[in-house]
Student: 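Please see the structure below; I have some questions.
Position 1 is the first residue of the sequence; numbering continues from there.
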Amino acid sequence: MNYREYRPTAVQRLQYMLEAAGITGIVALCFYNSLWAVLLFPAVLWKHEKERRGQTAKRRRKELKLQFRDAVQGLAAALAAGYSAENALREAGRDLKLMYAADADMVQELSAMERKLDANQTIEQVMEDFAGRSGLEEAEVFAEIFSVGKRSGGDLIKIMGDTAVNISDTVETERQVSSALAARRYEQRIMNVIPFAMVLYLRVGCPGFLDPLYGNLPGICVMTACLGLYLGAWYLGKRLLDIEV
């Protein structure tokens, strides 16, 4: 499984389609007042599904990072207890099953690693394979250092302990940043809705006020320009609040 991308289920795809249909309908009503504007649906669906898939993949990687930290801590504890690296991985898998559900990503990954070890793959290979698919910088660095440390007889316990501490620090920093930006993200959601609310208010409260902007080429150009400005502001706000740690 490649954690850099997310493959939605059939139910989720249907949900994305309904959401995109709602967005298209609102845009068609507010900016063009024409059923012809529903021709925008394929573009809206493509962009909306891309955004939702990206958000889901990012959220999944955050959860995987927490589980990976706990797995590394379990590996370090098993190594400190005298297990070999291969048996420490199996022990970490058993420990993780007590902390997370059986279908948790890292639990499944550790089970897959055990099967690969049984198929005579080396622990370095299974670690590197997971790191390449995980999308986690910490996992990639850990796999590289682990491989070098195991071949050269390095202190694997210290390596794993340092990795777990680094991941914990990153997670805590992300939590603090997210808390600091929570109010700003809420304000952005409100600002995203306000233009549509204003147009609907004018259409309901002042019937005919916006009629010169509908059904004619100059009006279509003006409303398209307004829609472009809105999308630009939405994208800029999204990028400003999308801070990677």
Side-chain angles (χ1 to χ4, degrees), residues 1-65 105 133-135 174-175 177-245:
M1 180 184 297
N2 187 353
Y3 293 92
R4 291 182 173 85
E5 299 178 356
Y6 177 73
R7 295 180 180 274
T9 63
V11 174
Q12 288 172 322
R13 287 185 180 275
L14 177 60
Q15 179 184 347
Y16 297 162
M17 290 181 65
L18 294 175
E19 293 170 350
I23 294 171
T24 305
I26 293 174
V27 170
L29 176 64
C30 292
F31 285 91
Y32 299 105
N33 194 35
S34 172
L35 289 176
W36 286 104
V38 298
L39 295 176
L40 295 170
F41 175 73
V44 174
L45 176 60
W46 174 80
K47 182 63 177 176
H48 181 67
E49 182 172 338
K50 182 180 178 181
E51 287 290 324
R52 290 295 302 272
R53 289 174 65 175
Q55 292 170 358
T56 304
K58 184 177 181 180
R59 184 168 60 250
R60 192 173 191 180
R61 286 195 299 272
K62 285 185 177 180
E63 295 173 356
L64 181 66
K65 184 185 294 186
D105 289 328
R133 294 181 291 101
S134 68
E174 288 177 345
R175 187 193 65 79
V177 170
S178 180
S179 298
L181 295 177
R184 297 293 177 265
R185 290 195 174 101
Y186 181 71
E187 292 171 1
Q188 185 195 24
R189 294 191 188 100
I190 295 176
M191 294 301 295
N192 289 341
V193 174
I194 284 178
F196 297 98
M198 291 177 63
V199 172
L200 292 175
Y201 173 78
L202 289 173
R203 293 194 60 174
V204 174
C206 305
F209 183 77
L210 297 178
D211 287 352
L213 296 174
Y214 298 132
N216 57 82
L217 183 58
I220 292 174
C221 292
V222 170
M223 294 304 281
T224 300
C226 291
L227 179 59
L229 288 172
Y230 169 80
L231 293 176
W234 168 81
Y235 179 76
L236 180 60
K238 179 177 178 295
R239 289 297 301 272
L240 288 173
L241 294 177
D242 189 17
I243 299 175
E244 294 285 347
V245 178

Student: Going by salt bridge (Lys or Arg N to Asp or Glu O under 4.0 Å), name the pairs with one or both residues in residues 22-44, residues two or more places apart or in two chains.
Tutor: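 For residues 22-44, and leaving out neighbouring residues, there are no salt bridge (Lys or Arg N to Asp or Glu O under 4.0 Å) pairs at all.
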
Student: Side chains of residues 17-28: which donor-acceptor pairs under 3.5 Å do they make with residues two or more places apart or in other chains?
Tutor:
{"from": "Glu19", "atom 1": "OE1", "to": "His48", "atom 2": "NE2", "distance (Å)": "2.6"}
{"from": "Glu19", "atom 1": "OE1", "to": "Arg52", "atom 2": "NH1", "distance (Å)": "2.5"}
{"from": "Glu19", "atom 1": "OE2", "to": "Gln15", "atom 2": "NE2", "distance (Å)": "3.0"}
{"from": "Glu19", "atom 1": "OE2", "to": "Arg52", "atom 2": "NH1", "distance (Å)": "2.9"}
{"from": "Thr24", "atom 1": "OG1", "to": "Ala20", "atom 2": "O", "distance (Å)": "2.7"}

Student: So do Thr56 and Pro8 actually touch side chain to side chain, heavy atoms under 4.5 Å?
Tutor: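 Not in contact.
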
Student: Sequence neighbours excluded, which residues qualify as side chain to side chain contact (heavy atoms under 4.5 Å, CB included) partners of Ser178?
Tutor: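 Arg185.
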
Student: Roughly how far, to the nearest 0.5 Å, is the CH2 atom of Trp234 from the NZ atom of Lys238?
Tutor: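 Rounded to the nearest 0.5 Å, the NZ-CH2 separation comes to 5.5 Å.
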
Student: Not counting sequence neighbours, which residues clear salt bridge (charged side-chain N to carboxylate O under 4.0 Å, His left out) with Arg7? List them please.
Tutor: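 None.
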
Student: May I ask you to decide whether Glu49 forms a salt bridge with Arg13, counting only side-chain N to carboxylate O separations under 4.0 Å?
Tutor: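 Here Glu49 pairs with Arg13 in a salt bridge, since their nearest N and O are under 4.0 Å apart.
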
Student: Run the salt bridge (Lys or Arg N to Asp or Glu O under 4.0 Å) test on Glu5 and Arg53 for me, step by step, so that the C-alpha distance in whole Å, both residues' side-chain angles and the decisive distance to 0.1 Å come before the verdict.
Tutor: CA-CA 7 Å; Glu5 299 178 356; Arg53 289 174 65 175; 5.1 Å; no

Student: Any pair with a residue in residues 27-48 that passes salt bridge (Lys or Arg N to Asp or Glu O under 4.0 Å), sequence neighbours left out, goes on the list, sorted by first then second residue, please.
Tutor: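 Qualifying pairs: Lys47-Glu51.
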
Student: Go through the structure and list residues passing side chain to side chain contact (heavy atoms under 4.5 Å, CB included) with Ile190, not counting sequence neighbours.
Tutor: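 By the side chain to side chain contact (heavy atoms under 4.5 Å, CB included) rule, Ile190 matches Tyr186, Ile194.
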
Student: Are Arg61 and Lys65 close enough that some pair of their side-chain heavy atoms sits under 4.5 Å apart?
Tutor: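 No, every pair of side-chain atoms sits at 4.5 Å or beyond.
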
Student: Of all residues at least two apart in sequence or in a different chain, which pass the side-chain hydrogen bond (donor to acceptor under 3.5 Å, both in side chains) check with Arg133?
Tutor: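 Counting only residues at least two positions away or on another chain, Arg133 forms a side-chain hydrogen bond (donor to acceptor under 3.5 Å, both in side chains) with Glu109, Asp129.
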
Student: Output side-chain donor-acceptor pairs under 3.5 Å for residues 211-231, partner residues at least two apart or in another chain, one line each.
Tutor:
{"from": "Tyr214", "atom 1": "OH", "to": "Cys30", "atom 2": "O", "distance (Å)": "2.6"}
{"from": "Asn216", "atom 1": "OD1", "to": "Gly219", "atom 2": "N", "distance (Å)": "2.7"}
{"from": "Asn216", "atom 1": "ND2", "to": "Pro212", "atom 2": "O", "distance (Å)": "2.8"}
{"from": "Asn216", "atom 1": "ND2", "to": "Tyr214", "atom 2": "O", "distance (Å)": "3.1"}
{"from": "Thr224", "atom 1": "OG1", "to": "Tyr32", "atom 2": "OH", "distance (Å)": "2.9"}
{"from": "Thr224", "atom 1": "OG1", "to": "Ile220", "atom 2": "O", "distance (Å)": "2.7"}
{"from": "Tyr230", "atom 1": "OH", "to": "Asn192", "atom 2": "O", "distance (Å)": "2.8"}

Student: Would you please name every residue forming a side chain to side chain contact (heavy atoms under 4.5 Å, CB included) with Thr9, sequence neighbours left out?
Tutor: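 Listed in chain order: Val11, Gln12.
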
Student: Donor-acceptor pairs under 3.5 Å, side chain of residues 195-210 to any protein atom, not counting sequence neighbours: which ones?
Tutor:
{"from": "Arg203", "atom 1": "NH1", "to": "Leu29", "atom 2": "O", "distance (Å)": "2.5"}
{"from": "Arg203", "atom 1": "NH1", "to": "Asn33", "atom 2": "OD1", "distance (Å)": "3.3"}
{"from": "Arg203", "atom 1": "NH2", "to": "Asn33", "atom 2": "OD1", "distance (Å)": "2.8"}

Student: What pairs with Arg60 under side chain to side chain contact (heavy atoms under 4.5 Å, CB included), at least two apart in sequence or on another chain?
Tutor: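 Arg60 satisfies side chain to side chain contact (heavy atoms under 4.5 Å, CB included) with Met1, Tyr3, Tyr6, Asp105 once adjacent residues are dropped.
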
Student: Got a sec, which residues hit side-chain hydrogen bond (donor to acceptor under 3.5 Å, both in side chains) with Glu187, two or more places apart in sequence or on another chain?
Tutor: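 Residues passing side-chain hydrogen bond (donor to acceptor under 3.5 Å, both in side chains) with Glu187: Arg184.
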
